[in-house]
Amino acid sequence: MSENVVHLHKPNDPPTGDTAPTVLTVVPDAPPARPVPLWVRSGRAIKAGVTHERTKTVVRATARHSLYTFNGGRIVARRAWDGRTGSRYERMIRAAEAAGNLEAAEEWEERLQRFRAARHHRRMDLLHSPVEAAKGMAVGAGMSVGVLVALGVVLAISTGQVGDVITPLSATVDFIALLIRIVQIVWGPALTIGPFLALLALWSVGRKQHAAPAWALPANVRSGEGEPITPSIVVKALRDLGIPALRNAIKEMGDAGASMLGPITIAGCGVEVDVTLPSGVATNEVQNRRRKLAENLTRHEHEVFITIPQAARTVRLWIADSGALDEPIGPSPLVTDETITADYKKGKAPWGRNLRGEAAELSVYQRHLLITGRSNQGKTAALRSLALWLALDRSVQFWIADLKGVGDWSMYDGIAEVLIEGPSDDHVVQATEMVEDAVEEMNRRIEVRRTDPTATFPPLIVLVDEAQVAFMCPVKGEDGRPYGGSKATSRYFMAVRKIHNQGRAVDVLMWQGTQDPTDQNLPKLVREGAHTRASLVLGTEQQSRMALGDKAVDDGAAPHLLRQGLDKGTLVVASDGIEMPAGQSSITVRTHFIDDEPAAEIAARAKALRDGVTTLRVVDQSEERDALADVAAVIGDAPRLRTNEVLKRLHSLAPKVYGDQWTNDRLKSLLEEHGEEPKKSHGVMVVHRDHVLRALANRDADGSASTAQ
């Protein structure tokens, strides 16, 4: 028996004193472990050996290469059978009949008849070929002997030796004997090596076709990533979706499901195929299993798009090449082609490319626009690329409010007539008043149109970026009405609604960009008033329905399935202004990204097309204003302006400063104070630019200044 072990330790709660007593504890040794039986150790060793990764690798390799050879023989036999018989044609005929394509079935039937006729002709030729071959050999042998003898005669005459007459003939006999000897030597080894070479050839065929179970294939092949899409792969993917009615219907089909598929066509960086579902299977059942379908096709979820075409009980699958959607689409034509111009009425903006690789162009003619999506996903870039193209039409006017205020729209200084930049409540007030001014302009145009139905007007684009800031603004005006909100008392909401209702008739259009749509930051009536609705990545299906509408989402639009951060600039668009396949209500577009520097270059080209636009940049209205300098600024390069136009521009520049209290009399008093008063031109009071600049020069010389508060 083993000895006990003595441990010395301090107690947990030593008594009060300088030194705690030491406690002795006797701990007996643990009993010796019982020996493990031999059969248990052997079983564990066998299990460890069987389950070891090296053993699994060896088993997979053995099974793989054995099945490569076996299935390679099956493939070669199948090819030989297809080459000798009409089974290939018969299969194509059955598939065409199952798909209802009678024209293709008739064409394959004609090919089968031609194949059978040619085969019969060859077989009839074989009946006469032995006799013909014997005759040919006899004639050929006789001619060959005659030639050799003649050659020997010539040689004998040349050498003077009669024996040289048979020299060519004997040389030929010796050569034939040598060939026979070589064959005798090689024949034995060939019989031994030949079967191995045949097995190697069969193994090579099976290896190229991956003719082995998935579990036996190498890891890189077993994953199937990048595997080309074939009818059998599509049918198998649908069969394994977990829809019992679909699986049973495929099993009962005589063509193993081939009749469900339309032609698989190349579509851009992927392929497209229409699938007619059997009775009892709804299209939304397939849509709801998008991830499983993608994985069955050896693709990621974002590489498979499911839409509902016009045909009944049909889903349209677009399957991308593996990794193709992560490749850039190239620069915008606005950047690469400096001669490009825009046409508001007849032209289309080069926005990007659709999934088929085709150019995606958007018509903005008389269409209100709404772009939404999560923050930092390319919303402003997508909106700005449209505006940059349209700026190349010199007839289009822009009123812009950027409620982010980080300089994304600064290049429009000199293009836009109004430019507001900033996220504060004061900027929301200015943006609201800008939209309300657009409503007044719309009403003025409508009144003109009533008296003159042929009257035309320059297009006016009222653009508000980060519009959710306006809808969420809590500030109220002096009349108690809130600027934000979604009620009938909201000034911004009601102004937008009025433009949506009547603006397109007189070319006053509302463009908005907003983040994560909800009923609070994007009311239902506003989002449904837009003719073109586009969405980047969103968080939920409910938000997708808010952004694009129920019909688009029911038909397959799914911005909530885009990848955050990875699919920047990818939009799902619902609009009649963009070309899309018949029957679809939405299309996915990968937009061109135009950075700030090339955007500024495009804006410079737009400014060169225009006669000079004075942009009213609204600034902080709490500070004092230099009224005379503001008058000079709003006149800009124009030689003169009507006084009411000057007052309107002053109001847009600083509504709180140049509000209702600023009238023609006050403007006249300001100019008279500096020795320059408005003059009449053709019976209308105008302010001359030269007079204002002269007043500024005289005032600066005197060192005085007039301010407005």
Answer whether the closest heavy-atom distance between the side chains of [X] and [Y] falls below 4.5 Å.
| X | Y | answer |
| --- | --- | --- |
| T588 | T570 | yes |
| V315 | I308 | yes |
| L536 | L562 | no |

Out of curiosity, [X] [atom1] to [Y] [atom2], how far, rounded to the nearest 0.5 Å?
| X | Y | atom1 | atom2 | answer |
| --- | --- | --- | --- | --- |
| Q310 | D555 | CD | CG | 11.0 Å |
| T298 | E303 | OG1 | CD | 9.0 Å |
| I157 | T159 | CD1 | OG1 | 9.5 Å |
| E361 | I578 | CD | CD1 | 9.0 Å |
| I229 | L317 | CD1 | CG | 9.5 Å |
| K236 | I233 | NZ | CD1 | 9.0 Å |

Please check: side-chain N/O of [X] versus main-chain N/O of [Y], any donor-acceptor pairing under 3.5 Å?
| X | Y | result |
| --- | --- | --- |
| R313 | L277 | yes |
| Q377 | G565 | yes |
| T314 | A312 | yes |
| E285 | V281 | no |
| H592 | G330 | yes |
| R590 | G352 | no |
| R299 | V304 | no |
| D337 | P333 | no |
| S204 | L200 | no |
| W351 | A382 | yes |

Which atoms form the tightest heavy-atom contact between [X] and [Y], and what is the distance?
| X | Y | value |
| --- | --- | --- |
| A237 | N296 | O-ND2, 3.1 Å |
| T591 | G569 | OG1-O, 2.6 Å |
| L571 | A534 | CD2-CB, 4.0 Å |
| L538 | R374 | C-NE, 4.0 Å |
| M580 | S575 | CE-O, 3.5 Å |
| A552 | S585 | CA-OG, 3.5 Å |

More than 12 heavy atoms of other residues, nucleotides or ligands under 6.0 Å from [atom1] of [X]: yes or no?
| X | atom1 | result |
| --- | --- | --- |
| I166 | CD1 | no |
| Q113 | CD | yes |
| R74 | CZ | no |
| I266 | CD1 | no |
| R119 | CZ | yes |

Fill in: Steps toward side chain to side chain contact (heavy atoms under 4.5 Å, CB included) verdict (H121, M124)
CA-CA 5 Å; H121 182 71; M124 295 302 295; 5.7 Å; no

Per side-chain hydrogen bond (donor to acceptor under 3.5 Å, both in side chains), R545 is matched among Q543, E541, Q542 by E541

With a 4.0 Å cut-off, would you call D240 and K292 a salt bridge? no

Side chain to side chain contact (heavy atoms under 4.5 Å, CB included), that's the test. Do Q287 and D554 meet it? Break it down for me.
CA-CA 9 Å; Q287 281 184 301; D554 290 339; over 6 Å; no

Side chain to side chain contact (heavy atoms under 4.5 Å, CB included) for M260 and L246? Distances and angles first, verdict last. CA-CA 11 Å; M260 296 193 308; L246 181 58; 4.1 Å; yes

What do the steps show when you test L199 against T69 for side chain to side chain contact (heavy atoms under 4.5 Å, CB included), and what is the final call? CA-CA 6 Å; L199 290 175; T69 305; 3.9 Å; yes

Regarding R316 and the six-membered ring of F305, is the cationic atom NZ or CZ under 6.0 Å from the ring centre and inside 45° of its axis?
no

